[in-house]
Chemist: 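Here it is, the structure in full.
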Amino acid sequence: MPELPEVETIKRTLEPKILGRRIENAEVFYCSIIKCPSVNEFVDKVKGCSIIKLRRRGKYLLIDLDNSSSMIISFRMTGQLLYVDKNNVGYPYDRHTHAVFKLENGVELRFRDPRKFGRIALVKTSEVENTKEILKLGYEPFSPEVTEDMLFQFFKSRRGKIKQLLMDQSFICGIGNIYSDEILFYAGIHPERTSNTLTIEEVRAVYNGMVKVLNEAIEQRGTSIKDYVDGKGDKGSYQHLLKVYGRKGEKCCRCGSEIICTKVGGRTAHFCPHCQK
DNA sequence: ACGTTGTCCTGTCTGC
DNA sequence: TGCAGACAGGACAACG
(Lines give C-alpha, C1' and ligand atoms only; values in the text may rest on other atoms or scores of the structure.)
Protein backbone atom coordinates (compact mmCIF):
# COMPACT_ATOMS: atom_id res chain seq x y z
CA MET A 1 0.00 0.00 0.00
CA PRO A 2 2.24 2.75 1.13
CA GLU A 3 3.23 4.65 -1.98
CA LEU A 4 5.40 7.76 -1.99
CA PRO A 5 3.01 10.07 -0.07
CA GLU A 6 2.42 7.49 2.65
CA VAL A 7 6.11 6.64 3.14
CA GLU A 8 6.94 10.34 3.16
CA THR A 9 4.29 10.84 5.85
CA ILE A 10 5.61 7.94 7.91
CA LYS A 11 9.08 9.49 7.68
CA ARG A 12 7.85 12.93 8.72
CA THR A 13 5.81 11.64 11.64
CA LEU A 14 8.58 9.40 12.97
CA GLU A 15 11.46 11.83 12.50
CA PRO A 16 10.76 14.09 15.51
CA LYS A 17 9.96 11.08 17.68
CA ILE A 18 12.94 8.82 17.03
CA LEU A 19 15.78 10.89 15.64
CA GLY A 20 18.77 10.65 17.98
CA ARG A 21 17.13 7.89 20.00
CA ARG A 22 19.16 4.83 20.95
CA ILE A 23 17.87 1.36 20.17
CA GLU A 24 18.34 -0.52 23.42
CA ASN A 25 16.99 -3.81 22.18
CA ALA A 26 15.27 -5.40 19.21
CA GLU A 27 13.06 -8.46 18.93
CA VAL A 28 11.94 -10.24 15.80
CA PHE A 29 8.91 -12.54 15.96
CA TYR A 30 8.54 -13.39 12.29
CA CYS A 31 11.95 -14.11 10.83
CA SER A 32 11.13 -13.74 7.13
CA ILE A 33 10.63 -9.99 7.49
CA ILE A 34 14.39 -9.62 7.98
CA LYS A 35 15.72 -9.84 4.48
CA CYS A 36 19.36 -9.67 5.47
CA PRO A 37 21.53 -10.42 7.37
CA SER A 38 20.42 -13.31 9.63
CA VAL A 39 17.95 -12.39 12.36
CA ASN A 40 20.59 -12.85 15.08
CA GLU A 41 23.09 -10.70 13.28
CA PHE A 42 20.44 -8.09 12.58
CA VAL A 43 19.49 -7.84 16.25
CA ASP A 44 23.14 -7.77 17.37
CA LYS A 45 24.06 -5.01 14.97
CA VAL A 46 21.05 -2.84 15.67
CA LYS A 47 21.29 -3.09 19.43
CA GLY A 48 22.95 -0.10 21.08
CA CYS A 49 22.88 2.09 17.98
CA SER A 50 21.37 5.53 17.73
CA ILE A 51 19.12 6.62 14.88
CA ILE A 52 20.86 9.48 13.13
CA LYS A 53 18.84 10.02 9.97
CA LEU A 54 15.59 9.08 8.21
CA ARG A 55 15.39 9.12 4.44
CA ARG A 56 12.92 8.06 1.78
CA ARG A 57 13.71 6.60 -1.63
CA GLY A 58 10.68 5.72 -3.71
CA LYS A 59 8.49 3.62 -1.45
CA TYR A 60 11.40 2.65 0.82
CA LEU A 61 12.12 4.15 4.21
CA LEU A 62 15.81 4.29 5.14
CA ILE A 63 16.90 4.54 8.76
CA ASP A 64 20.58 5.37 9.21
CA LEU A 65 22.26 4.24 12.42
CA ASP A 66 25.42 5.56 14.05
CA ASN A 67 27.37 2.35 13.43
CA SER A 68 27.47 3.06 9.67
CA SER A 69 24.62 0.71 8.94
CA SER A 70 21.15 1.45 7.59
CA MET A 71 17.80 -0.26 7.65
CA ILE A 72 15.99 -0.41 4.33
CA ILE A 73 12.29 -0.86 5.04
CA SER A 74 9.79 -1.95 2.44
CA PHE A 75 6.16 -1.75 3.57
CA ARG A 76 4.69 -3.48 0.53
CA MET A 77 0.91 -3.70 0.90
CA THR A 78 0.13 -3.58 4.59
CA GLY A 79 3.31 -2.80 6.51
CA GLN A 80 3.29 -0.25 9.33
CA LEU A 81 6.01 1.25 11.49
CA LEU A 82 4.45 2.56 14.66
CA TYR A 83 5.87 4.76 17.36
CA VAL A 84 4.51 3.64 20.72
CA ASP A 85 4.90 6.11 23.55
CA LYS A 86 5.28 5.40 27.26
CA ASN A 87 1.55 5.42 27.90
CA ASN A 88 0.91 2.70 25.34
CA VAL A 89 4.06 0.66 25.55
CA GLY A 90 2.37 -1.77 27.92
CA TYR A 91 -0.23 -2.52 25.28
CA PRO A 92 0.43 -6.10 24.17
CA TYR A 93 1.76 -6.90 20.73
CA ASP A 94 -0.92 -8.25 18.44
CA ARG A 95 -0.40 -11.19 16.10
CA HIS A 96 0.67 -8.88 13.28
CA THR A 97 3.54 -7.29 15.17
CA HIS A 98 6.64 -8.92 13.68
CA ALA A 99 9.47 -6.82 15.09
CA VAL A 100 9.91 -4.40 17.97
CA PHE A 101 12.67 -1.89 18.55
CA LYS A 102 12.90 -0.86 22.17
CA LEU A 103 14.23 2.66 22.34
CA GLU A 104 15.66 4.59 25.26
CA ASN A 105 13.21 6.20 27.70
CA GLY A 106 10.89 3.23 27.43
CA VAL A 107 9.34 3.93 24.05
CA GLU A 108 9.07 1.52 21.14
CA LEU A 109 8.97 1.28 17.41
CA ARG A 110 6.78 -1.61 16.27
CA PHE A 111 6.73 -3.12 12.80
CA ARG A 112 3.29 -4.57 11.99
CA ASP A 113 2.23 -6.23 8.78
CA PRO A 114 -0.94 -8.35 8.48
CA ARG A 115 0.08 -9.76 5.10
CA LYS A 116 3.71 -10.33 6.06
CA PHE A 117 5.00 -8.99 2.74
CA GLY A 118 7.02 -6.17 4.27
CA ARG A 119 10.80 -6.53 4.56
CA ILE A 120 13.62 -4.96 6.53
CA ALA A 121 17.21 -5.20 5.32
CA LEU A 122 20.25 -4.00 7.22
CA VAL A 123 23.21 -2.96 5.10
CA LYS A 124 26.24 -0.70 5.37
CA THR A 125 25.16 2.90 4.91
CA SER A 126 27.79 3.32 2.20
CA GLU A 127 26.26 0.38 0.34
CA VAL A 128 22.61 1.50 0.43
CA GLU A 129 22.77 2.91 -3.08
CA ASN A 130 24.32 -0.33 -4.33
CA THR A 131 21.68 -2.68 -2.96
CA LYS A 132 19.42 -4.40 -5.42
CA GLU A 133 16.33 -2.61 -4.09
CA ILE A 134 17.71 0.91 -4.33
CA LEU A 135 19.85 0.37 -7.42
CA LYS A 136 16.86 -0.44 -9.56
CA LEU A 137 14.95 2.69 -8.59
CA GLY A 138 14.58 5.38 -11.19
CA TYR A 139 14.05 9.09 -10.64
CA GLU A 140 12.22 10.60 -7.73
CA PRO A 141 9.07 12.23 -9.16
CA PHE A 142 10.08 15.65 -7.79
CA SER A 143 13.65 15.42 -9.02
CA PRO A 144 14.63 18.31 -11.34
CA GLU A 145 15.59 15.78 -14.00
CA VAL A 146 11.95 14.80 -14.35
CA THR A 147 10.40 17.23 -16.81
CA GLU A 148 7.67 17.15 -19.46
CA ASP A 149 10.28 16.71 -22.17
CA MET A 150 12.01 13.91 -20.30
CA LEU A 151 8.70 12.11 -19.81
CA PHE A 152 7.79 12.65 -23.45
CA GLN A 153 11.08 11.16 -24.65
CA PHE A 154 10.69 8.19 -22.34
CA PHE A 155 7.07 7.51 -23.27
CA LYS A 156 8.00 7.77 -26.95
CA SER A 157 10.70 5.14 -26.52
CA ARG A 158 8.36 2.58 -24.96
CA ARG A 159 5.26 0.79 -26.09
CA GLY A 160 3.81 -0.28 -22.76
CA LYS A 161 0.55 0.91 -21.32
CA ILE A 162 0.81 4.30 -19.69
CA LYS A 163 -0.50 3.11 -16.32
CA GLN A 164 2.11 0.38 -16.11
CA LEU A 165 4.91 2.76 -17.02
CA LEU A 166 3.84 5.17 -14.29
CA MET A 167 4.07 2.30 -11.81
CA ASP A 168 7.45 1.14 -13.15
CA GLN A 169 9.77 1.85 -10.21
CA SER A 170 12.86 1.65 -12.43
CA PHE A 171 11.65 4.67 -14.37
CA ILE A 172 10.00 6.90 -11.76
CA CYS A 173 9.77 5.55 -8.24
CA GLY A 174 7.08 5.96 -5.66
CA ILE A 175 3.90 5.71 -7.74
CA GLY A 176 1.67 2.68 -7.16
CA ASN A 177 -1.79 1.61 -8.16
CA ILE A 178 -3.81 4.29 -6.38
CA TYR A 179 -1.85 7.32 -7.52
CA SER A 180 -1.38 6.09 -11.09
CA ASP A 181 -5.18 5.94 -11.43
CA GLU A 182 -5.57 9.41 -9.93
CA ILE A 183 -2.81 10.94 -12.06
CA LEU A 184 -4.33 9.56 -15.25
CA PHE A 185 -7.77 10.85 -14.30
CA TYR A 186 -6.30 14.30 -13.74
CA ALA A 187 -4.57 14.09 -17.12
CA GLY A 188 -7.63 12.76 -18.95
CA ILE A 189 -5.66 9.78 -20.25
CA HIS A 190 -7.03 6.25 -20.53
CA PRO A 191 -4.88 3.85 -18.46
CA GLU A 192 -4.45 1.48 -21.41
CA ARG A 193 -3.13 4.10 -23.81
CA THR A 194 0.13 2.96 -25.35
CA SER A 195 2.72 5.38 -24.06
CA ASN A 196 4.21 6.33 -27.42
CA THR A 197 0.84 7.61 -28.69
CA LEU A 198 0.74 10.45 -26.17
CA THR A 199 1.13 13.95 -27.57
CA ILE A 200 3.34 16.49 -25.85
CA GLU A 201 0.22 18.20 -24.49
CA GLU A 202 -1.01 14.93 -23.03
CA VAL A 203 2.39 14.24 -21.49
CA ARG A 204 2.32 17.72 -19.99
CA ALA A 205 -1.02 16.87 -18.39
CA VAL A 206 0.44 13.63 -16.99
CA TYR A 207 3.41 15.54 -15.60
CA ASN A 208 1.19 18.20 -14.02
CA GLY A 209 -1.11 15.52 -12.65
CA MET A 210 1.78 13.64 -11.11
CA VAL A 211 3.11 16.71 -9.32
CA LYS A 212 -0.34 17.87 -8.20
CA VAL A 213 -1.68 14.52 -7.04
CA LEU A 214 1.48 13.52 -5.15
CA ASN A 215 1.80 16.94 -3.51
CA GLU A 216 -1.84 16.98 -2.45
CA ALA A 217 -1.59 13.45 -1.13
CA ILE A 218 1.45 14.39 0.96
CA GLU A 219 -0.43 17.44 2.26
CA GLN A 220 -3.31 15.16 3.21
CA ARG A 221 -0.88 12.78 4.89
CA GLY A 222 -1.58 9.87 2.57
CA THR A 223 -4.49 7.66 1.63
CA SER A 224 -6.01 5.34 4.25
CA ILE A 225 -8.31 2.88 2.56
CA LYS A 226 -7.59 -0.13 4.68
CA ASP A 227 -4.41 -0.60 6.64
CA TYR A 228 -2.36 2.50 6.15
CA VAL A 229 -1.54 4.65 9.16
CA ASP A 230 1.43 6.94 9.73
CA GLY A 231 4.16 6.58 12.35
CA LYS A 232 1.82 7.85 15.06
CA GLY A 233 -0.96 5.46 14.09
CA ASP A 234 -3.06 8.20 12.49
CA LYS A 235 -4.92 7.74 9.22
CA GLY A 236 -4.34 10.00 6.26
CA SER A 237 -7.20 11.80 4.55
CA TYR A 238 -6.50 11.73 0.83
CA GLN A 239 -9.03 8.88 0.47
CA HIS A 240 -11.71 11.57 0.63
CA LEU A 241 -10.18 13.33 -2.37
CA LEU A 242 -9.78 10.29 -4.60
CA LYS A 243 -11.57 10.89 -7.89
CA VAL A 244 -11.57 7.39 -9.39
CA TYR A 245 -9.68 4.88 -7.26
CA GLY A 246 -12.15 2.72 -5.35
CA ARG A 247 -15.09 4.60 -6.90
CA LYS A 248 -16.30 1.97 -9.34
CA GLY A 249 -19.97 2.54 -10.15
CA GLU A 250 -19.96 6.08 -8.77
CA LYS A 251 -20.46 9.13 -10.95
CA CYS A 252 -17.45 10.94 -12.36
CA CYS A 253 -17.03 14.25 -10.54
CA ARG A 254 -16.29 15.95 -13.85
CA CYS A 255 -18.88 14.60 -16.28
CA GLY A 256 -21.26 12.39 -14.32
CA SER A 257 -20.48 9.21 -16.27
CA GLU A 258 -20.06 5.99 -14.35
CA ILE A 259 -16.51 5.22 -13.16
CA ILE A 260 -15.47 1.80 -14.39
CA CYS A 261 -12.84 -0.69 -13.31
CA THR A 262 -10.77 -3.01 -15.50
CA LYS A 263 -7.50 -4.89 -15.24
CA VAL A 264 -4.35 -3.39 -16.68
CA GLY A 265 -1.33 -5.64 -16.47
CA GLY A 266 -2.98 -7.64 -13.72
CA ARG A 267 -3.77 -4.60 -11.60
CA THR A 268 -7.12 -2.94 -11.10
CA ALA A 269 -7.49 0.29 -13.02
CA HIS A 270 -10.27 2.76 -12.24
CA PHE A 271 -11.16 5.44 -14.74
CA CYS A 272 -13.88 7.52 -16.34
CA PRO A 273 -14.57 6.20 -19.87
CA HIS A 274 -15.84 9.61 -20.93
CA CYS A 275 -13.12 11.88 -19.54
CA GLN A 276 -10.16 9.60 -20.18
CA LYS A 277 -9.22 8.93 -23.81
C1' DA B 1 14.60 -6.39 -23.83
C1' DC B 2 10.16 -6.68 -22.80
C1' DG B 3 5.57 -8.28 -21.18
C1' DT B 4 2.90 -11.75 -18.55
C1' DT B 5 2.14 -14.86 -14.79
C1' DG B 6 2.77 -16.84 -10.33
C1' DT B 7 4.29 -16.25 -5.59
C1' DC B 8 4.76 -14.49 -1.04
C1' DC B 9 0.49 -13.93 3.09
C1' DT B 10 -3.88 -12.76 5.71
C1' DG B 11 -8.17 -10.35 5.93
C1' DT B 12 -12.30 -9.06 3.82
C1' DC B 13 -15.75 -9.01 0.54
C1' DT B 14 -18.89 -11.34 -2.87
C1' DG B 15 -21.93 -14.60 -4.52
C1' DC B 16 -24.09 -19.00 -4.26
C1' DT C 1 -26.10 -17.80 7.74
C1' DG C 2 -22.22 -20.24 6.06
C1' DC C 3 -18.74 -21.11 3.21
C1' DA C 4 -15.69 -21.23 -0.87
C1' DG C 5 -13.41 -18.41 -3.87
C1' DA C 6 -11.89 -14.01 -5.47
C1' DC C 7 -9.38 -10.20 -4.54
C1' DA C 8 -6.33 -6.51 -2.29
C1' DG C 9 -2.39 -0.84 -2.42
C1' DG C 10 4.03 -4.29 -4.07
C1' DA C 11 8.02 -6.47 -5.62
C1' DC C 12 10.37 -10.10 -7.60
C1' DA C 13 11.51 -14.41 -10.07
C1' DA C 14 10.60 -17.32 -13.83
C1' DC C 15 9.12 -17.84 -18.20
C1' DG C 16 7.95 -17.01 -23.30
Side-chain angles (χ1 to χ4, degrees), chain A residues 1-10 29-36 56-61 72-81 93-99 111-121 131-138 141 154-185 191-196 213-214 217-218 220-230 235-249 261-271:
Chain A
M1 170 233 359
E3 304 179 36
L4 185 151
E6 288 77 28
V7 180
E8 182 64 29
T9 304
I10 292 169
F29 308 112
Y30 179 70
C31 295
S32 306
I33 63 153
I34 304 301
K35 192 175 180 192
C36 66
R56 181 193 58 72
R57 267 292 271 141
K59 302 175 191 173
Y60 294 93
L61 179 70
I72 303 176
I73 301 177
S74 166
F75 296 99
R76 300 288 179 98
M77 311 275 227
T78 53
Q80 304 172 338
L81 193 58
Y93 309 145
D94 70 354
R95 59 188 298 249
H96 301 305
T97 301
H98 306 312
F111 186 83
R112 281 186 87 245
D113 187 359
R115 276 176 81 179
K116 297 180 174 173
F117 285 169
R119 294 290 179 265
I120 303 176
T131 58
K132 214 169 57 177
E133 300 85 322
I134 304 299
L135 210 51
K136 66 171 173 41
L137 296 180
F154 180 79
F155 289 155
K156 207 165 69 174
S157 73
R158 299 280 293 263
R159 280 171 302 136
K161 290 168 182 168
I162 183 71
K163 176 178 169 67
Q164 290 178 275
L165 289 186
L166 282 177
M167 293 200 296
D168 181 348
Q169 304 301 302
S170 67
F171 166 47
I172 290 197
C173 59
I175 299 172
N177 209 28
I178 297 177
Y179 295 112
S180 60
D181 279 359
E182 294 299 309
I183 290 166
L184 290 172
F185 175 79
E192 290 187 280
R193 274 283 290 281
T194 304
S195 71
N196 63 4
V213 167
L214 294 179
I218 292 171
Q220 296 297 318
R221 307 175 51 266
T223 300
S224 294
I225 290 174
K226 271 191 67 183
D227 301 276
Y228 168 70
V229 289
D230 67 20
K235 288 177 186 285
S237 50
Y238 195 71
Q239 63 277 15
H240 304 303
L241 301 183
L242 295 172
K243 304 285 198 292
V244 285
Y245 184 82
R247 299 205 182 277
K248 178 186 175 185
C261 181
T262 55
K263 289 268 180 194
V264 177
R267 311 304 302 278
T268 59
H270 305 76
F271 63 100

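Chain letters run A, B, ... following the sequence lines, proteins first, then strands; residues in each count from 1.
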Chemist: Can you check the L165(A) CG to dA1(B) C1' distance for me, whole Å?
Modeler: 14 Å
Chemist: Between F154(A) and F171(A), what is the ring plane arrangement, given parallel below 30°, perpendicular above 60°, and tilted in between?
Modeler: parallel
Chemist: So what does D113(A) hit on the nucleic acid, given a heavy-atom distance under 4.0 Å: a base, only sugar-phosphate, or nothing?
Modeler: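 It contacts nothing in the nucleic acid.
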Chemist: Would you indicate, yes or no, if dC12(C) has its OP1 or OP2 atom less than 4.0 angstrom from a side-chain nitrogen or oxygen of K136(A)?
Modeler: yes
Chemist: Looking at dA8(C), dA11(C), dC12(C), which one has an atom nearest to any side-chain atom of K132(A)?
Modeler: dC12(C)
Chemist: Reckon K263(A) touches a base, only the sugar-phosphate, or nothing at all at heavy-atom distances under 4.0 Å?
Modeler: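 Sugar-phosphate contact only - K263(A) comes under 4.0 Å of backbone atoms but never of a base.
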Chemist: If you compare every side-chain N and O of R76(A) against the phosphate oxygens of dC8(B) (OP1, OP2), does one of them come in below 4.0 Å?
Modeler: no
Chemist: Quick one: do the T268(A) and N177(A) side chains pair a donor with an acceptor below 3.5 Å?
Modeler: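 Side chains of T268(A) and N177(A): pair found under 3.5 Å.
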Chemist: Distance check needed: dG9(C) C1' versus D181(A) CG, whole Å only.
Modeler: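 Those two atoms, CG and C1', are 10 Å apart.
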Chemist: For dG9(C), does either OP1 or OP2 sit under 4.0 Å from a side-chain N or O belonging to Y179(A)?
Modeler: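 No, because none of the side-chain N or O atoms of Y179(A) sits under 4.0 Å from OP1 or OP2 of dG9(C).
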Chemist: Rounding to an integer number of Å, can you tell me how far L137(A) CG sits from dA11(C) C1'?
Modeler: 11 Å
Chemist: Distance check needed: dA11(C) C1' versus L166(A) CG, whole Å only.
Modeler: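 Rounded to whole Å, this separation is 17 Å.
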Chemist: Side-chain N or O of T78(A) versus OP1/OP2 of dG9(C): is the shortest distance under 4.0 Å?
Modeler: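 No.
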Chemist: Decide whether T78(A) and D113(A) meet the rule of one side-chain donor and one side-chain acceptor closer than 3.5 Å.
Modeler: yes
Chemist: Cut-off 3.5 Å, side chains only: do Q220(A) and S237(A) have a donor facing an acceptor?
Modeler: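 Checked: Q220(A)/S237(A) side chains pair up, N/O donor to acceptor below 3.5 Å.
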Chemist: Mind checking if Y228(A) touches a base, just sugar-phosphate, or nothing, with heavy atoms under 4.0 Å?
Modeler: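 The residue Y228(A) makes base contact.
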Chemist: When we call it a touch if two heavy atoms are under 4.0 Å apart, what does Q164(A) touch: a base, just sugar-phosphate, or nothing?
Modeler: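 The residue Q164(A) makes sugar-phosphate contact but no base contact.
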Chemist: Remember a base hit wins even if backbone is also touched, and classify G265(A) as base, sugar-phosphate or nothing at under 4.0 Å, heavy atoms.
Modeler: nothing
Chemist: If you look at every heavy atom in S74(A) and Y60(A), which pair is closest and at what distance?
Modeler: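 The answer is CB-CE2, 3.6 Å.
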Chemist: In dot-bracket notation, what is the pairing pattern of DNA chain C, taking Watson-Crick (N1-N3 plus N6-O4 or O6-N4) and G-U wobble (N1-O2 and O6-N3) contacts under 3.5 Å, with [ ] crossing and | for other strands?
Modeler: .|||||||.|||||||
Chemist: Say we look at dG6(B) and dA6(C): how far apart would their P atoms be, to the nearest angstrom?
Modeler: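 Roughly 13 Å separates the two P atoms.
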Chemist: Just the rounded figure in Å: distance from P of dG9(C) to CD1 of I10(A).
Modeler: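 One finds 17 Å between P of dG9(C) and CD1 of I10(A), rounded.
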Chemist: Would you find more than 12 non-hydrogen atoms of other residues, nucleotides or ligands less than 6.0 Å from K248(A) atom NZ?
Modeler: no
Chemist: Provide the distance between the two P atoms, one in dG11(B) and one in dT1(C), to the nearest whole Å.
Modeler: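 Pairwise P distance, dG11(B) against dT1(C), rounds to 22 Å.
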Chemist: Choose from dC12(C), dA11(C), dG9(C) the nucleotide whose nearest atom is closest to any side-chain atom of E3(A).
Modeler: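 Ranking dC12(C), dA11(C), dG9(C) by closest atom to the E3(A) side chain puts dG9(C) first.
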Chemist: Is any side-chain N of the basic residue among K59(A) and E3(A) closer than 4.0 Å to the acidic one's carboxylate O?
Modeler: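 Result for this pair is no, no salt bridge flagged.
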Chemist: Quickly work out the L135(A) CG to dA11(C) P distance and round it to whole Å.
Modeler: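 One finds 16 Å between P of dA11(C) and CG of L135(A), rounded.
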Chemist: Could you tell me how the ring of F111(A) sits relative to the ring of F75(A): parallel (under 30°), tilted (30 to 60°) or perpendicular (over 60°)?
Modeler: parallel
Chemist: Could you report the tightest heavy-atom contact between A99(A) and I33(A), atom names first, then the distance?
Modeler: CB-CD1, 3.7 Å
Chemist: Would you say the side chains of S170(A) and K136(A) form a donor-acceptor pair under 3.5 Å?
Modeler: no
Chemist: When every nucleotide of nucleotides 9-16 of chain B is labelled 5' to 3' by its protein contacts under 4.0 Å (heavy atoms), B for base, S for sugar-phosphate only, - for none, what sequence of letters results?
Modeler: BBS-----
Chemist: Using whole Å, report how far CG of L242(A) lies from C1' of dG9(C).
Modeler: 11 Å
Chemist: Answer yes if the side chains of E6(A) and Y179(A) hold a donor-acceptor pair under 3.5 Å, and no otherwise.
Modeler: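 Yes, because at least one side-chain N or O of E6(A) sits under 3.5 Å from a partner of the opposite role on Y179(A).
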Chemist: For M77(A) and dC8(B), give me the distance from atom CE to atom P, rounded to whole Å.
Modeler: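 From M77(A) CE to dC8(B) P: 14 Å.
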